2 protein chains.
Amino acid sequence: MTLEVHSSSQKFATEPRSQALPAGLLAQFGVRMAYARHEEVYAQEEEADLIYQVVSGAVRTTRLMSDGRRQIGDFYHPGDVFGIEHGPEHRFSAEALCDTIVVVGKKKALALAAGQNAVDRFLADATARDLDRAQDHLLLLGRKTACEKVASFLLGIAHRTNRPAVDLPMGRQDMADYLGLTIETVSRMVTQLQTAMIVEFPSCRQFIVRNRPALERLSD
Amino acid sequence: MTLEVHSSSQKFATEPRSQALPAGLLAQFGVRMAYARHEEVYAQEEEADLIYQVVSGAVRTTRLMSDGRRQIGDFYHPGDVFGIEHGPEHRFSAEALCDTIVVVGKKKALALAAGQNAVDRFLADATARDLDRAQDHLLLLGRKTACEKVASFLLGIAHRTNRPAVDLPMGRQDMADYLGLTIETVSRMVTQLQTAMIVEFPSCRQFIVRNRPALERLSD
DNA sequence: CGCGTGTTTGATAGCAATCAAGTTCTGTGG
DNA sequence: CCACAGAACTTGATTGCTATCAAACACGCG
């Protein structure tokens with residue numbers, strides 16, 4: 001991980017969403033950091049006194065079982081806040097999916113700079129978003145079929161942009177660990193959606209939704 | 001649902017935990033309500049301006065797919081707060097598992113009575129607990145086997161009491177919809193744990209953990 | 001006592017996991 | 001710029017776990 005001294009030299013996020021990124025707490029008072037692809041931002045059970053916001057790139061939060069099974073909690077994209085905990089320790093680890101820039105701040109420092117109330121509201125908003133997403137994720141993991149899981153996932157990613165071609169910041173293994181599937185099953189479902197002319201994959205990291213209504217029908 | 005006029009006449013929760021229920025916001029300023037077994041407390045997509053706390057009994061939050069598949073988000077026991085939303089609508093419905101008493105309050109009324117800051121802290125605490133539980137639930141749904149799911153579930157329930165015999169407020173179907181299984185699979189796993197002398201079920205709504213280390217090993 | 005609901009047990013089917021090659025993509029060095 | 005090595009992805013064959021379908025059993029209640 002490296003401290004970003006010349007923040008003006010940084011490339012901006014590729015998603016249009018980041019253009020509209022409001023000058024939030026962290027953007028104002030945080031420190032810019034850069035992480036290489038697959039570099040750890042924080043570890044599970046590490047002390048949690050910092051909060052993070054993605055500037056460019058993407059981050060995953062993951063939890064590991066003793067035998068190596070892995071569950072990804074969520075993916076965070078430019079503008080998203082992550083790393084907030086209510087206990088003293090991180091309950092997931094966080095890693096950069098690709099070369100990623102984040103802004104980081106200490107809760108206490110932010111409170112001094114911007115006021116406790118502003119920080120509390122900021123944290124509450126981010127926590128609420130996490131909870132809503134986790135609850136949607138529960139239904140997906142508990143009750144959807146492999147095909148529905150992949151369809152929902154692609155829709156969710158596609159929803160974040162309005163360009164026709166959507167880039168996937170994560171590989172098949174990360175998709176599998178998010179969806180509670182194996183990498184082979186994800187691959188087969190992708191092929192299936194492609195054969196059905198619903199989604200087209202010009203490469204394995206990029207797709208185009210060809211039949212959105214069909215994809216929406218499949219996603220539930 | 002009925003308004004509880006004579007609150008002093010109510011039976012108290014069966015769990016020891018409720019004895020230590022702190023005189024929280026809702027306990028002080030809320031209105032007592034009684035719900036019959038399986039009665040709906042609120043519906044999905046209903047407007048959400050009330051918050052709830054279980055006094056006695058138990059509540060489940062559920063989400064339904066168009067074809068009837070059901071996912072239970074969480075179970076709430078005496079002392080637990082539920083029904084908080086960040087958008088305008090409820091994202092799950094809530095139903096009483098058995099005859100249940102709840103205290104209810106409007107966010108705005110509570111803020112007038114106890115102050116905005118106290119309410120905000122109260123909501124933040126409850127949201128944080130919901131998020132932590134939802135994240136544990138993700139790992140269970142995404143990566144655990146049927147046996148591990150049932151073992152984890154029983155441990156989680158048993159953890160709430162220190163009496164040897166634990167009552168299950170929910171039936172097999174509710175367990176299945178929480179764990180992302182079918183009722184038959186839940187039943188088979190229960191039988192299996194019983195055959196292995198790890199857990200004993202004197203009746204289908206009550207169990208005793210006979211070998212906790214084994215149950216903990218199975219739960220992950 | 002008999003009915004209905006909820007649970008358990010049994011037989012079978014099917015979806016996704018596993019095991020095992022191939023194939024494509026990517027980055028690197030000649 | 002091309003050749004190569006390793007990683008990532010896809011495809012195929014098979015297994016196995018859990019769902020489904022079906023029936024018996026147990027319990028609570030009128």
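Because the structure is predicted, anything quoted here is derived from the model rather than measured. Sequence lines set the chain letters: A, B, ... in the order given, protein chains first and strands last, and positions in each chain run from 1.
- Using the six-membered ring where Trp is involved, A:Y52 and A:F82 have ring planes that are parallel, under 30° apart on the 30 and 60° scheme.
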Pairs under 3.5 angstrom only: tabulate donor-acceptor contacts from the side chains of residues 211-220 of chain B to other protein residues two or more places apart or in another chain.
residue, atom, partner, partner atom, Å
B:N211, OD1, B:A214, N, 3.2
B:S219, OG, B:E216, O, 2.9
B:D220, OD1, A:S66, OG, 3.0

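- Inspection of the A:Y76 and A:D130 side chains reveals an N or O donor paired with an N or O acceptor under 3.5 Å.
- Nucleotide C:dT7 holds its P atom 15 Å from the CD atom of B:Q206, rounded to whole Å.
- Between B:R172 atom CZ and C:dT5 atom C1' there is a gap of 14 Å when expressed in whole angstrom units.
- Remark: A:T191 is in phosphate contact with D:dT11, judged by side-chain N or O atoms under 4.0 Å from OP1 or OP2.
- Between the CZ atom of B:R37 and the C1' atom of C:dT5 there is a distance of 9 Å, rounded to whole Å.
- Residues passing the ring-ring contact (aromatic ring centres under 6.0 Å, His included) test with B:F207, sequence neighbours excluded: B:F201.
- Residues in residues 93-102 of chain A take part in these salt bridge (Lys or Arg N to Asp or Glu O under 4.0 Å) pairs, two or more places apart or across chains: A:R60-A:E95.
- Between the CG atom of B:L168 and the P atom of C:dG6 there is a distance of 15 Å, rounded to whole Å.
- As a whole-Å value, the separation of A:L193 CG from D:dT10 P is 12 Å.
- For A:L139, the side-chain contact (heavy atoms from CB on, under 4.5 Å) criterion is met by A:R143, B:R63, B:M65, B:Q71, not counting sequence neighbours.
- Rounded to 10°, the helix from C:dC1-D:dG30 to C:dG30-D:dC1 has 30° between the axis fitted to its first five pairs and the one fitted to its last five.
- With 3.5 Å as the limit, one finds no donor-acceptor pair spanning the side chains of B:T127 and A:T127.
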| task | For each nucleotide in nucleotides 16-26 of chain D, reading 5' to 3', give B when a protein heavy atom comes within less than 4.0 Å of its base, S when such contact involves only the sugar-phosphate, and - otherwise. | result | --SSBB-----
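- Look at A:R205 and you'll find a side-chain N or O under 4.0 angstrom from OP1 or OP2 of D:dC9.
- In the model, A:E85 has a side-chain atom that pairs as donor or acceptor with a side-chain atom of A:H90 under 3.5 Å.
- Rounded to an integer number of Å, the gap from A:M175 CE to D:dA8 P is 15 Å.
- When rounded to the nearest whole Å, the span between CD of A:Q192 and P of C:dC15 equals 10 Å.
- Nucleotide C:dT8 holds its P atom 13 Å from the CZ atom of B:F207, rounded to whole Å.
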